[in-house]
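To start, the structure under review is shown below, and the notes come after it.
We count ligands from 1, going down the list as the structure has it; atoms in each ligand are counted the same way.
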Amino acid sequence: MVEVSARLRELVAAGRDVAVLTGAGMSAESGVPTFRGQGGFWENESFEDLATPQGFARDPDKVWRWYDARRRGVAACAPNAGHRALAEYQMHHPGMKVITQNIDGLHQAAGSRNVVELHGALFRVRCTRDGMARDDRRVPLPDIPPRCACGALLRPDIVWFGEALPQAAVEAAFGAARRAALFLVIGTSAVVYPAAGLPAIASGAGAWVVEINPERTAISDQADEVLRGPAAVVLPALLGAVPAATR
Ligand code: BJW
């Protein structure tokens with residue numbers, strides 16, 4: 001049973017200017033590991049080695065072996081009930097904006113449209129010579145490290161620490177946060193910027209900010225409402241209550 005305020009119920013039913021920001025916890029129940037905390041990637045791995053341009057320059061083989069393993073892991077995962085609830089809600093409210101820090105593509109696999117990917121995509125590669133990106137769903141990769149047809153190294157099309165986020169995605173995300181009447185922050189520890197700044201932008205522009213997370217986070221105190229629980233349980237309960245007339 002998920003207790004929600006009357007205000008939240010009204011905003012969900014109205015479905016106007018709804019935006020969501022998702023993080024690794026969104027995909028936890030699909031079997032994709034999170035980054036921080038128990039069992040998270042950064043518990044046993046060094047992000048400096050695996051998720052920085054310097055780490056890649058030092059040892060592209062090591063970085064690619066890690067990403068190849070993650071590609072294999074995610075390829076075996078499916079969207080969970082939380083992804084599906086968001087996608088279904090968006091079908092009834094096409095203006096809803098899904099902004100994600102996740103690179104796993106599970107929102108799209110569930111049917112969400114126009115997903116704003118702030119940190120790139122796991123199944124996309126980019127040439128280190130000309131910067132051209134393209135989809136690459138081969139699992140496992142036949143060669144590590146993979147090379148472009150031009151002979152240059154390919155890299156994952158993912159935003160590593162210290163790198164700029166894609167400009168179009170940043171503009172779309174900040175625009176949606178400024179316009180939002182309801183802003184859901186789902187499954188993120190909210191410590192990685194600039195994404196972690198979006199709830200404050202939304203709040204400053206008048207949105208009702210709701211955190212959905214089983215644990216307390218860096219933005220819990222800023223949220224207008226907190227729903228403590230896993231995304232795959234809370235989202236169907238919250239968004240499944242769309243009034244019959246709008247279904
Ligand atoms: C559940 C659940 C369930 C569990 N249901 N919930 C301002 C202040 C301080 C520092 C900075 C700043 N601005 C920039 C920085 C530096 C840096 C940064 O933020 N560092 C901080 C860590 C201190 N930011 C950057 O470097 C960014 N770049 C940048 O700012 O560039 C500036 C620039 C401009 C112009 C030119 C050049 C540069 C880039 C950040 C890129 C982040 N990339 C990563 C890794 C990519 C590698 C990969 O994935 O392969 O993206 S880091 C990692 O963290 C990943 C994630 O997207 C990101 C966020 O993590 P997330 O999603 O929050 O996951 P967790 O694990 O932290 O949390 C999971 C949550 O789920 C928990 O709360 C659980 O409780 C919850 N949960 N089960 C719901 N079932």
Side-chain angles (χ1 to χ4, degrees), residues 2 20-56 62-71 73-74 77 79-83 85-86 99-107 115-126 155-167 169-171 173-174 184-201 210-220 223 226-238:
V2 179
V20 306
L21 169 67
T22 67
M26 180 78 228
S27 300
E29 280 138 312
S30 293
V32 183
T34 60
F35 291 90
R36 296 165 187 82
Q38 216 184 354
F41 284 124
W42 302 154
E43 196 179 46
N44 298 311
E45 310 277 6
S46 137
F47 76 83
E48 290 92 344
D49 285 349
L50 298 171
T52 64
Q54 295 81 6
F56 185 67
K62 177 178 176 154
V63 172
W64 265 117
R65 278 197 305 277
W66 188 59
Y67 277 101
D68 195 43
R70 287 180 64 197
R71 287 160 63 103
V74 169
C77 293
N80 63 51
H83 294 108
L86 288 175
I99 306 162
T100 189
Q101 300 168 84
N102 297 345
I103 59 174
D104 55 31
L106 291 179
H107 284 299
V115 177
V116 176
E117 293 182 317
L118 287 173
H119 292 165
L122 187 57
F123 296 104
R124 220 163 48 219
V125 295
R126 193 161 89 223
R155 60 163 281 177
D157 192 25
I158 285 170
V159 183
W160 287 324
F161 283 106
E163 295 188 310
L165 280 64
Q167 189 58 28
V170 170
E171 281 167 19
F174 279 81
L184 305 180
V185 187
I186 307 164
T188 177
S189 58
V191 294
V192 174
Y193 285 82
L198 289 166
I201 301 285
V210 179
E211 173 174 71
I212 298 172
N213 197 313
E215 306 286 337
R216 199 180 155 69
T217 74
I219 62 117
S220 295
V226 175
L227 305 180
R228 284 271 169 257
V233 173
V234 174
L235 284 169
L238 176 66

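Closest heavy-atom approach to atom 77 (N) of ligand 1 among the candidates Ala231, Gly120, Gly25, Gly40: Gly25. Looking at Gly162, Ser189, Ser27, Ala218, it is Gly162 that brings a heavy atom closest to atom 38 (C) of ligand 1. Evaluated by nearest non-hydrogen atom to atom 51 (O) of ligand 1, the leading choice among Glu215, His119, Gln167 is His119. Closest heavy-atom approach to atom 75 (O) of ligand 1 among the candidates Thr188, Leu21, Asn213: Asn213. In this comparison of Tyr193, Phe47, Tyr67, the heavy atom closest to atom 47 (C) of ligand 1 sits on Tyr67.
Closer than 4.0 Å to atom 10 (C) of ligand 1 lies none of the heavy atoms of the protein. Distance remark: protein heavy atom present below 4.0 angstrom from atom 41 (C) of ligand 1.
Every atom of ligand 1 is numbered from 1 in the order shown, and the set under 4.0 Å from a heavy atom of Pro230 is 3 (C), 5 (N), 80 (N). Within ligand 1, counting atoms from 1 as listed, the ones closer than 4.0 Å to a heavy atom of Ile103 are 48 (C), 49 (O), 50 (O). Proximity to Thr217 (heavy-atom distance under 4.0 Å) selects the following atoms of ligand 1: 73 (O). For ligand 1, the atoms lying closer than 4.0 Å to a non-hydrogen atom of Gly23 are 62 (O). Remark: ligand 1 atoms within the under-4.0 Å shell around heavy atoms of Val191 are 19 (O), 21 (C), 22 (C). Each of the following atoms of ligand 1 lies closer than 4.0 Å to a heavy atom of Ala28: 78 (N), 80 (N).
Using a distance-only test at 3.5 Å, with no hydrogens or angles considered, a donor-acceptor pair links the side chain of Arg228 to the main chain of Asn213. Formation of a donor-acceptor pair under 3.5 Å by the Ser30 side chain with backbone atoms of Val32 is not found in this model. Counting only distance, with no hydrogens or angles, the side chain of Asp104 and the backbone of Ala24 share no donor-acceptor pair below 3.5 Å. Put simply, the side chain of Asp49 never gets that close to the backbone of Gly55: no donor and acceptor are under 3.5 Å apart.
The two residues Trp42 and Ala51 make their nearest non-hydrogen contact at CH2-CB, 3.9 Å. The heavy-atom pair separating Ala231 from Ile186 by the smallest distance is CB-CG2, 3.7 Å. Nearest approach of Leu165 to Leu118, heavy atoms of both residues: CG-O, 3.4 Å. The minimum heavy-atom distance between Leu21 and Ala195, with the atom names listed, is CD2-O, 3.7 Å. Nearest heavy atoms, Phe123 versus Arg71: CZ-O, 3.5 Å. The heavy-atom pair separating Val159 from Pro166 by the smallest distance is CG2-CD, 3.8 Å.
At the shortest separation from atom 70 (C) of ligand 1 among protein heavy atoms lies Gly187 O, 3.4 Å. Among all non-hydrogen protein atoms, the one lying nearest atom 35 (C) of ligand 1 is Ala164 CB, 3.7 Å. Scanning the protein for heavy atoms near atom 28 (N) of ligand 1, the closest one is Glu163 O, 2.7 Å. Of the protein's heavy atoms, Gln101 OE1, 3.3 Å lies nearest to atom 59 (C) of ligand 1. What sits closest to atom 56 (C) of ligand 1 on the protein, heavy atoms only, is Phe35 CE1, 3.6 Å. Closest to atom 80 (N) of ligand 1, if we only count protein heavy atoms, is Glu29 OE1, 2.9 Å. For atom 60 (O) of ligand 1, the nearest non-hydrogen atom of the protein is Arg36 NH1, 3.0 Å. Atom 52 (S) of ligand 1 has its closest protein heavy atom at Phe161 CZ, 3.3 Å.
Considering backbone and side-chain atoms alike, Pro194 places every N or O at 3.5 Å or more from each N or O of ligand 1. Taking only nitrogen or oxygen atoms, main chain and side chain alike, Trp160 does not reach within less than 3.5 Å of ligand 1. The N/O atoms of Val159, backbone and side chain alike, include one that comes under 3.5 Å of an N/O atom in ligand 1.
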Item to complete: Evaluate the side chain to side chain contact (heavy atoms under 4.5 Å, CB included) criterion for residues Trp160 and Val63: first the C-alpha distance (whole Å), next the side-chain angles of each, then the deciding distance (0.1 Å), finally the verdict.
Response: CA-CA 12 Å; Trp160 287 324; Val63 172; 4.0 Å; yes
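Contact annotation: Arg70 has at least one heavy atom less than 4.0 Å from an atom of ligand 1.
Using bins of under 30°, 30° to 60° and over 60° for the plane-to-plane angle, the ring pair Phe41/Trp66 lands in the perpendicular bin.
Just one of Val20, Thr34, Asn80, Leu106 meets the side chain to side chain contact (heavy atoms under 4.5 Å, CB included) condition when paired with Met26; it is Asn80.
Note on Arg124 versus Glu117: salt bridge recorded, some NZ/NE/NH1/NH2 to OD/OE distance being below 4.0 Å. Note on Glu163 versus Arg155: salt bridge recorded, some NZ/NE/NH1/NH2 to OD/OE distance being below 4.0 Å.
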